[in-house]
Amino acid sequence: MLNKASFNSSIGKLYYIWLSELKVPEVVFLSNIVKSFENYLEELRIKYTDLSFRDKKSDEIENSIIGYLNGNLKGLDLKPHFLTGTVFEKKIWLATLEIPFGNVLSYKEIAEKAGHPGAWRAAGTALNHNPVLMVVPCHRVIKSSGAIGFFGAGEGIKALLLELEHRLISV
DNA sequence: TGCATGGCGCCGG
DNA sequence: ACCGGCGCCATGC
């Protein structure tokens, strides 16, 4: 069963979709952009209504995210569940999932790790399609030059998350 | 099917 | 150090 909800956080209002009826909460979608939330719901053929649904899983998810943003946790311990994406995109997302808290890789390195060494340009596009902000830590992928690179959720948020993680890891 | 489009990389100037 | 130009490859139309 798919459920959806939203809540306020330090990086703005977050919208998410999760699977209930599982032992561990699985996050299908997470974003701060309402438009991409609407688009994703449309892709899943779910109506944009009833945002107030809650259960134990949604509490777990929100607490985990809030804790991460407060710097209480070393990473976001949430499991993604991909209902969309091509084989290539999923490979990129899974490779990105393995980047440890506080670390970064370049788009090129991610493409190599995913088994597509020449596809760094397409890797960027695939990361732009990441349905689960922060759960798949696409903010940990930057340019080879060291520049921060683009971020669909806002480059300010990308910088914020990287600084947050860097600060905690260097304590 | 071909072609334009992207959260990029690399090299010259 | 900072461009512009060209190359790269998976998608979508």
Side-chain angles (χ1 to χ4, degrees), chain A residues 2 4 6 9-18 26-48 61 64-65 68-69 71 73-170:
Chain A
L2 283 173
K4 58 191 186 298
S6 64
S9 79
S10 59
I11 58 170
K13 191 166 183 178
L14 296 176
Y15 306 84
Y16 64 104
I17 302 172
W18 76 101
E26 298 194 1
V27 185
V28 168
F29 178 88
L30 173 63
S31 173
N32 62 331
I33 312 285
V34 65
K35 192 63 192 171
S36 49
F37 181 57
E38 291 170 358
N39 290 341
Y40 202 85
L41 289 174
E42 192 172 336
E43 196 173 345
L44 296 183
R45 310 254 158 82
I46 302 176
K47 286 181 184 172
Y48 179 70
I61 291 169
S64 181
I65 294 168
Y68 168 68
L69 291 173
L73 297 172
K74 292 230 165 179
L76 195 52
D77 187 26
L78 289 173
K79 189 172 162 38
H81 186 105
F82 304 133
L83 290 182
T84 58
T86 64
V87 172
F88 172 76
E89 286 172 329
K90 287 176 189 170
K91 284 188 202 171
I92 295 293
W93 298 340
L94 289 174
T96 302
L97 194 60
E98 292 179 18
I99 307 176
F101 183 95
N103 290 53
V104 292
L105 284 183
S106 68
Y107 292 96
K108 184 181 180 185
E109 289 169 325
I110 275 295
E112 288 169 351
K113 197 165 179 244
H116 294 247
W120 23 263
R121 187 65 179 78
T125 306
L127 287 174
N128 192 23
H129 297 150
N130 173 24
V132 280
L133 180 70
M134 298 185 285
V135 177
V136 166
C138 53
H139 58 281
R140 295 179 195 147
V141 186
I142 65 174
K143 290 194 175 192
S144 294
S145 65
I148 192 164
F150 241 71
F151 200 58
E155 288 166 43
I157 290 180
K158 186 172 188 175
L160 186 150
L161 294 176
L162 288 174
E163 283 168 22
L164 166 80
E165 296 192 5
H166 184 72
R167 179 154 35 87
L168 291 178
I169 203 108
S170 56

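Chain naming here is simple, since letters A, B, ... match the order of the sequence lines and numbering starts at 1 in each.
- Classification of the A:H139-A:Y68 ring pair by plane angle, with boundaries at 30° and 60°, yields tilted.
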| query | Yes or no on side chain to side chain contact (heavy atoms under 4.5 Å, CB included) for A:L162 and A:I142, after CA distance, side-chain angles and deciding distance? | reply | CA-CA 10 Å; A:L162 288 174; A:I142 65 174; 4.2 Å; yes
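- Nucleic acid contact class of A:S144 (heavy atoms, under 4.0 Å, all strands): sugar-phosphate only.
- OP1 or OP2 of B:dC10 lies within a sub-4.0 Å distance of a side-chain N or O belonging to A:K108.
- Considering only side-chain N and O atoms, A:H116 lies under 4.0 angstrom from the phosphate OP1 or OP2 of C:dA10.
- Atom CG of A:L69 sits about 9.5 Å away from atom OG of A:S64, to the nearest 0.5 Å.
- Defined by atom type and a distance below 3.5 Å, a donor-acceptor pair is present between the side-chain atoms of A:Y40 and A:T84.
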| request: Fill in the dot-bracket string of DNA chain C, one character per base: . for unpaired, | for a pair to another strand, ( ) or [ ] for pairs within the strand, taking Watson-Crick or G-U pairs under 3.5 Å. | output: .||||||.|||||
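- Enclosure of atom CG in A:D77 is not indicated, since only 12 or fewer non-hydrogen atoms of other residues, nucleotides or ligands lie within 6.0 angstrom.
- When distances run from any side-chain atom of A:A122 to the nucleotides B:dG7, B:dG6, C:dC8, the shortest one goes to B:dG6.
- Aromatic rings of A:F29 and A:Y15 (six-membered ring for Trp) have centroids beyond the 6.0 Å cut-off, not under it.
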Check nucleotides 11-13 of chain C for protein N or O atoms closer than 3.5 Å to its own N or O atoms and list the pairs.
from: C:dT11; atom 1: OP1; to: A:T86; atom 2: OG1; distance (Å): 2.1

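- With hydrogens and angles left out, the side chain of A:Y107 and the base of B:dG7 share a donor-acceptor pair within 3.5 Å.
- Within the 4.0 angstrom heavy-atom criterion, only backbone atoms of the sugar-phosphate kind lie near A:A119; the bases stay farther away.
- Using a 4.0 Å cut-off between charged side-chain N and carboxylate O, A:K158 and A:E155 make no salt bridge.
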